[in-house]
Amino acid sequence: MIQKQVSIRGKYYYRLGGWKYSVGVRLLLFLMLALLFYFSLADRLVPQTYDIRLNAVSEKTIYATRQVEDSKATEKAKEEAVQKVQPVYTIVSMKNADLIEQIFDRMETINQDDQVTFEDKVNIYRKVIPSLKDNFYAQLLKNLRSGEQYNADLVAEIGKQLDEQQYVMPEEAYFKFPRLAREELLAMEPIAKDIASKLMTDQITDAQVARSKVAELVNTSPLTKKLTRELVQEIVRFAITPNKFYDQQATEEMKAQVRENTKPVFINKNDVLVEKGQVITKEIYERLDSLDLLKDKVNYWPQLGLAIMIVLFVLVLYMFIRQSRLSIASHNGQLFMLVLIMVINVVAMKIVGNLNYPHIGYIAPVAMGTILITLLLDKSLAFISSVIFAIMASIIFNVEHAQIFDFRYGFVAAVVCFVSIFAIQRASHRSGIVKAGILVSLFSVLSIVSVSLLDDHTVLSNEDIAFSLAFGFSGGLLTAIFVIGLMPFFEASFGILSPLKLAELSNPNHPLLRKLLTETPGTYHHSIMVANLSEAAAESIGANGLLCRVGSFYHDIGKTKRPSYFIENQNNMENPHDRIDPGLSKSIIIAHARDGVEMLKEHKMPKQIQDIAEQHHGTTLLKYFYHKALAQAGDDPNERDKITEEDYRYPGPKAQSKEAAIVGIADCVEAAVRSLRNPSVEQIDSMIRSIIKNRLDDGQFNECDLTLKELDVIAKTLKETLLGIFHSRI
């Protein structure tokens with residue numbers, strides 16, 4: 001009893017003081033994780049600064065840390081583009097033929113009035129013809145102002161040009177107009193209109209140019225009289241006006257549009273900003289300042305923003321681990337393994353990211369960390385880690401720096417990480433990692449095709465897309481290669497039994513299993529039955545069923561040293577225990593657990609398998625040989641006092657894990673049920689519960705964390721499994 005209390009006290013002290021359960025160590029590991037995230041992202045998000053002075057000589061060559069717009073170069077490009085903009089002109093329909101028609105109508109009216117003297121008619125023409133033109137222009141401008149098609153500046157420009165380019169009728173023309181007969185006026189009018197309309201179809205900015213063509217057109221007309229030809233020329237010249245006017249507002253709008261559409265000039269990442277030995281001019285100084293590269297103007301906001309981001313990363317991991325029921329929630333060894341996996345994964349991403357080759361980020365084995373976490377720790381933890389890896393990939397591989405994150409790399413990383421979880425969780429052999437790597441390659445290619453189609457086709461060439469697809473496919477294969485290489489390191493260093501390792505150990509061609517089958521076939525069959533029972537029971541309570549199955553295969557390997565002393569191997573032979581002392585029988589039976597552990601150690605089997613072989617009997621009592629010894633002692637009190645229960649108990653230790661306890665229960669239940677000739681459902685149920693109760697009362701579960709509720713679930717599962725196995729006998 002005292003020894004038991006010391007053992008419990010020592011274990012409790014170890015849990016409080018050991019580094020694997022130390023709170024301080026746990027906080028240190030999370031701090032290490034935060035530092036890893038910070039320094040891996042700092043060079044992308046926090047610009048390096050330099051001690052630079054104006055008009056001083058630079059001691060080193062300085063490169064641009066990110067892509068940034070060169071405001072001065074952009075402004076210069078805009079000004080050059082604006083200067084190339086041609087003035088915008090607007091064509092206006094002047095309806096000059098209407099003015100000519102009005103002039104001829106008034107001439108016909110005036111010339112037909114016989115009561116007006118010739119001199120009066122000349123005076124009338126001096127006033128009427130300019131008046132007709134002024135009224136015509138005034139009405140035209142009024143109509144243009146009332147419409148929405150022409151702006152006020154354009155209308156003002158039209159009025160200005162009409163005023164400046166108006167034609168002054170020669171004085172002698174006023175003396176010739178009264179001499180025209182009605183027939184002559186009727187012949188002149190259509191020709192004047194036709195010539196004016198023909199000339200006004202051209203775009204006219206200078207009316208004088210158009211007026212110079214009038215004489216030639218009139219001379220080729222049907223008019224034969226010199227007087228009529230001269231007067232038609234004057235009337236047409238008088239009516240001709242410019243019809244193409246400079247539109248200042250449209251020109252300014254065009255300049256504004258050109259300015260807006262001028263593409264900005266960028267300083268690309270890794271462009272040389274300052275050569276070594278170059279004098280720092282004001283322009284260079286301002287450019288360095290715009291990139292936050294000056295030490296005397298340090299911008300601490302990026303550091304703060306990155307620190308907050310890292311705190312959120314670590315907080316998400318911490319809260320998930322804390323609220324989970326995983327062993328990593330209290331075991332610092334597993335947390336250290338998580339930190340180490342993340343270090344390896346992030347270092348691999350950084351190495352690829354620093355290669356500075358276009359689209360090289362797709363080759364990074366981002367899913368490597370996800371697969372390792374899935375195999376060595378937990379699938380749900382791998383999902384959380386994948387989100388963090390994807391966000392970090394979108395930052396580390398962001399070479400353009402147009403935004404903080406490059407969604408292309410983040411999307412591809414998220415896809416391959418999630419696919420790797422679904423692909424690897426069903427893997428039962430090392431070859432499954434290769435298959436998962438190929439699947440990661442295929443989905444990486446698909447996701448790259450997706451983002452390439454969504455991206456602007458003018459940005460990515462066919463060569464870029466081809467390189468991206470090649471890198472993406474290679475990334476999946478690299479992931480598989482690294483995982484296969486790293487798995488043995490983690491399994492050996494942390495004593496991890498991954499599903500792949502367990503699947504390999506369950507291979508019947510393993511030397512120990514072949515030895516068990518050939519030398520102790522009865523024990524081999526018993527181990528197979530125990531494996532089926534323990535796996536079902538473990539999975540029913542959320543324990544590691546595969547570990548129970550493989551541990552059951554090897555739990556009685558020690559029996560191969562003395563196979564004939566165990567009842568399952570005594571076919572058609574005498575039981576040797578009938579002829580030897582019960583104390584010796586006890587020693588032989590108890591020795592199989594110790595012998596099994598030694599054999600497992602020789603074959604370098606994992607510690608968990610050794611523990612199951614050593615702990616599956618706990619400190620249970622060999623009742624048969626104990627009572628046989630008491631019976632041989634008879635009624636002699638001295639002899640009976642020499643026989644104690646402690647001498648006939650297994651040395652232990654008791655089961656330290658759920659899996660070891662479950663294998664012990666399944667081992668005892670299988671042997672007990674096999675001894676029944678015609679078991680009934682009630683007998684099987686009663687026997688299972690009796691075995692569990694006896695072990696519980698004997699304190700065999702005191703050092704593992706099995707609950708009464710879980711023991712009840714185990715009992716029901718064992719009964720259902722046995723009913724399926726022995727249904728033909730029930």
Side-chain angles (χ1 to χ4, degrees), residues 64 67-99 130 133-168 196-213 237-268 271 281-287 289-291 400-403 456-459:
Q67 187 184 59
V68 67
E69 182 181 347
D70 189 340
S71 57
K72 287 192 174 181
T74 301
E75 188 61 31
K76 182 179 179 181
K78 289 181 177 181
E79 290 300 326
E80 291 176 353
V82 167
Q83 290 175 6
K84 294 178 182 179
V85 174
Q86 298 297 321
V88 178
Y89 288 87
T90 300
I91 307 299
V92 180
S93 176
M94 303 302 293
K95 299 180 180 180
N96 306 71
D98 293 345
L99 175 59
K133 179 195 67 175
D134 293 341
N135 293 336
F136 180 80
Y137 287 171
Q139 185 62 41
L140 175 66
L141 295 175
K142 181 179 180 182
N143 293 337
L144 294 178
R145 289 191 191 97
S146 61
E148 297 180 356
Q149 185 178 358
Y150 305 102
N151 57 76
D153 292 339
L154 176 60
V155 174
E157 177 66 18
I158 293 172
K160 176 184 176 184
Q161 292 299 323
L162 291 177
D163 185 57
E164 291 178 355
Q165 299 190 44
Q166 62 179 330
Y167 182 77
V168 179
S197 298
K198 187 178 294 184
L199 291 173
M200 293 299 293
T201 56
D202 295 333
Q203 297 180 9
I204 302 172
T205 54
D206 186 358
Q208 189 59 36
V209 176
R211 289 168 185 155
S212 64
K213 301 176 182 179
R237 289 170 181 160
F238 184 77
I240 290 293
T241 61
N243 61 1
K244 182 180 179 182
F245 303 95
Y246 170 68
D247 192 338
Q248 183 178 359
Q249 182 174 331
T251 303
E252 293 300 325
E253 290 176 357
M254 178 62 71
K255 290 181 178 180
Q257 185 177 357
V258 169
R259 175 182 287 273
E260 183 178 351
N261 293 337
T262 301
K263 292 184 178 180
V265 179
F266 287 101
I267 300 171
N268 295 317
D271 281 355
T281 63
K282 184 178 180 182
E283 181 180 354
I284 294 176
Y285 189 84
E286 291 175 352
R287 185 174 295 174
D289 187 25
S290 66
L291 284 166
E400 297 178 1
H401 285 283
Q403 299 291 335
D456 187 357
H457 67 279
T458 60
V459 175

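Remark: Ala210 pairs with Ile204, Ile240 by the side chain to side chain contact (heavy atoms under 4.5 Å, CB included) rule, at least two apart or across chains. With sequence neighbours left out, the side-chain hydrogen bond (donor to acceptor under 3.5 Å, both in side chains) criterion links Lys72 to Glu286. Looking at residues two or more places apart in sequence or on another chain, you find a salt bridge (charged side-chain N to carboxylate O under 4.0 Å, His left out) between Glu79 and Arg259. With sequence neighbours excluded, no residue forms a side-chain hydrogen bond (donor to acceptor under 3.5 Å, both in side chains) with Gln257. For Gln149, the side chain to side chain contact (heavy atoms under 4.5 Å, CB included) criterion is met by no residue, not counting sequence neighbours. Under the rule for a side chain to side chain contact (heavy atoms under 4.5 Å, CB included), the partners of Ala73 that lie at least two apart in sequence or sit in another chain are Asp70, Val265. Residues meeting the side chain to side chain contact (heavy atoms under 4.5 Å, CB included) test with Lys160, sequence neighbours left out: Glu157, Glu164. Partners of Tyr167 according to the side-chain hydrogen bond (donor to acceptor under 3.5 Å, both in side chains) rule, which considers only residues two or more places apart in sequence or in another chain, are Glu234. With sequence neighbours left out, Glu283 forms a salt bridge (charged side-chain N to carboxylate O under 4.0 Å, His left out) with Arg287. For Asp202, there are no side-chain hydrogen bond (donor to acceptor under 3.5 Å, both in side chains) partners at least two apart in sequence or on another chain. Under the rule for a salt bridge (charged side-chain N to carboxylate O under 4.0 Å, His left out), Lys198 has no partner lying at least two apart in sequence or in another chain.
The two residues Val258 and Ala81 have their closest heavy-atom pair at CG1-CB, 3.6 Å. Residues Ala250 and Val88 come closest through the heavy atom pair CB-CG1, 3.7 Å. Of all heavy-atom pairs between Pro87 and Tyr246, the closest is CB-CE1, 3.6 Å.
By the 4.5 Å heavy-atom criterion applied to side chains, Gln165 and Thr241 are not counted as neighbours. Looking at heavy atoms from C-beta onward, Val155 lies in side-chain contact with Leu141 at the 4.5 angstrom threshold. Two residues are said to be in side-chain contact when any heavy atoms from C-beta on lie closer than 4.5 Å; Gln166 and Leu162 fail this criterion. Contact of the Leu140 side chain with the Met94 side chain is registered, since non-hydrogen atoms from C-beta on lie closer than 4.5 Å.
In this structure, the side chain of Asn143 engages the main chain of Gln139 through a donor-acceptor pair within 3.5 Å. Checking side-chain atoms of Gln249 against main-chain N and O of Ala152 turns up no donor-acceptor pair under 3.5 Å.
For the atom pair CG of Asn135 and NZ of Lys142, the computed distance is 11.5 Å after rounding to the nearest 0.5 Å.
For the side chain to side chain donor-acceptor pair (under 3.5 Å) condition, the pairs that include at least one residue of residues 83-95, sequence neighbours left out, are Thr90-Asp247.
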